[in-house]
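Any value given below was found using the heavy atoms of this structure, including those in side chains, with hydrogens, waters and symmetry copies removed. Model, not experiment: these values are computed from the prediction. Below, chains carry the letters A, B, ... as their sequence lines are ordered, and counting in each starts from 1.
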Amino acid sequence: MNAWVSAPATIQNVGSGEIFTPAQIKHFRHNLLAWYEAHARDLPWRRMRDPYAIWVSEIMLQQTRVNAVLDHYARFMARFPTVQKLAEAEEPEVLAIWSGLGYYRRARMMHRAARVISNELKGHLPRTAAGLRRLPGIGAYTSAAIASIAFGDPVAVVDGNVERVVLRVRPRNSGIQAVAQVLLDPMRPGDFNQAMMELGATVCLPRNPLCLHCPVQKLCNTRGEHPVAPRKESVRKRVGHALVRRGERVLLEQRAQDASLMAGMWELPQLDGTLPGPERLLFTISHSITVTNYSVDIFRLRADEVHLLPEGGRRKWISVDDLAEIPLTGLARKVLKRLQVFKPPVSGGPLQR
DNA sequence: AAGACGTGGTC
DNA sequence: TGACCAAGTCT
């Protein structure tokens, strides 16, 4: 038996809606939602009905863990509380708030989408998954998430969590999207979708799932057995950056606007092969960017030694008090924080509790 | 349509 | 310590 042979049966199952019996579906919805009510984490965006607030959270959560999002979310919402405010902002301001979260294209696209919403949609987000899908940065998952959570549109989301849950629970060879849609509780699509993701994130874990705590264990087909995809090989590199200070200012360098990685963002000036003597080495830290693991040497240069720097991008002296307003790369933030040059602002505003 | 895109937590 | 991995989207 192989996937090709069994594919037609899958389609038939999906078409006739017999992936699970009605009783099983009812059991699944009831148990999952009851579990969710008892175990849902108290997250800021779950306290809000504002579609914009939901949108921001969904973009930030793409490929990013909840814990990494919380601080940035509070700061972002305090700084850009409405679509209109976001649309009015300049891109570097948006990137500055996003700094450290990664996948900066998300911020650029969300900013562009906010301008579309402001200019062409009277400031209102589309209320359906199909409408949302047309905006930059909003794909299959995010459109379904916003539509179901903010507007009650009965569309099942399929993210990494849901995919894993469905792969474990479903009968063999049924389609993932179809199973998720069949299981979805159309009366509470937003809660149901979040419950599925919450289950995947906290119980139905990739490696060692906590099946004993699982509310739908009874009708799970695998109880945890789950294939893992092979990973890309990582690359190791060593690079150098210079810390140059002049009083309360730090020298920063802008990455090329057409760089594929962190275009136009600011970092400590790069050094090439001719490094300063080892006595100038402040420290070495490791930093991973996508599949490359960098060993980063940070050298101290005096302000009168900037001519020793190689040809680089645009450079600028920035007051340490203004660093929070600069779109720094994550690496630059990390280095400047470690040196206590940069202290990220305490997030304030209405979201703070 | 496979590869690119960031980062920090976890085990 | 280092590999794995996270509420995807775009090209």
Which comes earlier along DNA chain C counting from the 5' end, the contact point of Leu135(A) or that of Ser57(A), where each point is its nearest nucleotide?
Ser57(A)
Taking the nucleotide of DNA chain C with the nearest heavy atom to each, does Leu43(A) or Ile138(A) sit closer to the 5' end?
Leu43(A)
Between atom [atom1] in [X] and atom [atom2] in [N], what is the gap in whole Å?
{"X": "Met110(A)", "N": "dC10(C)", "atom1": "CE", "atom2": "P", "result": "13 Å"}
{"X": "Gln194(A)", "N": "dA6(C)", "atom1": "CD", "atom2": "P", "result": "19 Å"}
{"X": "Leu199(A)", "N": "dA6(C)", "atom1": "CG", "atom2": "C1'", "result": "16 Å"}
{"X": "His72(A)", "N": "dA6(C)", "atom1": "NE2", "atom2": "C1'", "result": "16 Å"}
{"X": "Ile59(A)", "N": "dT9(C)", "atom1": "CD1", "atom2": "P", "result": "7 Å"}
{"X": "Arg236(A)", "N": "dG2(C)", "atom1": "CZ", "atom2": "C1'", "result": "8 Å"}
{"X": "Leu132(A)", "N": "dG8(C)", "atom1": "CG", "atom2": "P", "result": "17 Å"}
{"X": "Arg255(A)", "N": "dC5(B)", "atom1": "CZ", "atom2": "P", "result": "10 Å"}

Counting the atoms with a prime plus P, OP1 and OP2 as sugar-phosphate, which does [X] contact under 4.0 Å by heavy atoms, base, sugar-phosphate, or nothing?
{"X": "Trp98(A)", "result": "nothing"}
{"X": "Arg112(A)", "result": "nothing"}
{"X": "Met109(A)", "result": "sugar-phosphate"}
{"X": "Arg134(A)", "result": "nothing"}

Expressed in whole Å, how much space separates the P atoms belonging to dG8(B) and dT9(C)?
22 Å
Pairwise N/O distances under 3.5 Å, protein to nucleotides 6-10 of chain B:
from	atom 1	to	atom 2	distance (Å)
dG6(B)	OP1	Tyr104(A)	N	2.7
dG6(B)	OP2	Met262(A)	N	3.0
dG6(B)	O4'	Tyr103(A)	N	3.1
dG6(B)	O6	Tyr103(A)	OH	3.0
dG6(B)	N1	Gln63(A)	O	3.2
dG6(B)	N2	Gln63(A)	O	3.3
dG6(B)	N2	Thr64(A)	OG1	3.1
dT7(B)	OP1	Tyr104(A)	OH	2.9
dT7(B)	OP1	Gly330(A)	N	2.5
dT7(B)	OP2	His287(A)	NE2	3.3
dT7(B)	O3'	Gly100(A)	O	3.4
dG8(B)	N2	Arg65(A)	NH1	2.6

What is the ring orientation for Trp45(A) with Tyr73(A), classed by angle as parallel under 30°, tilted 30 to 60°, or perpendicular over 60°?
perpendicular
Hey, can you tell me if His39(A) and Trp35(A) have their rings parallel, tilted or perpendicular (30° and 60° cut-offs)?
parallel
Under the side chain to side chain donor-acceptor pair (under 3.5 Å) test against Thr142(A), which residue among Arg106(A), Arg133(A), Gln62(A), Glu58(A) passes?
Gln62(A)
Residues 300-314 of chain A side chain polar contacts: donor-acceptor under 3.5 Å, at least two apart:
from	atom 1	to	atom 2	distance (Å)
Arg302(A)	NE	Asp304(A)	OD1	3.3
Glu305(A)	OE1	Arg280(A)	NH1	3.0
Glu305(A)	OE1	Arg302(A)	N	2.7
Glu305(A)	OE2	Arg280(A)	NH1	3.4
Glu305(A)	OE2	Arg280(A)	NH2	2.8
His307(A)	ND1	Asp304(A)	O	3.3
Arg314(A)	NE	Gln254(A)	OE1	3.2
Arg314(A)	NH2	Gln254(A)	OE1	3.1

Counting just side-chain N and O atoms, does Asn293(A) come under 4.0 Å of either OP1 or OP2 of dG2(C)?
no
With a 4.0 Å cutoff (strictly under), does any side-chain N or O of Ser286(A) reach OP1 or OP2 of dT1(C)?
no
Is it the case that the side chain of Arg168(A) and the backbone of Cys220(A) share a donor-acceptor pair, with hydrogens and angles ignored and the cut-off at 3.5 Å?
no
Whether the Ser319(A) and Glu248(A) side chains hold a donor-acceptor pair (N or O, under 3.5 Å, no angle test) is what I'd like checked.
no
Going by the side-chain contact (heavy atoms from CB on, under 4.5 Å) test, name the single residue among Val158(A), Val169(A), Val165(A) that passes it with Met196(A).
Val165(A)
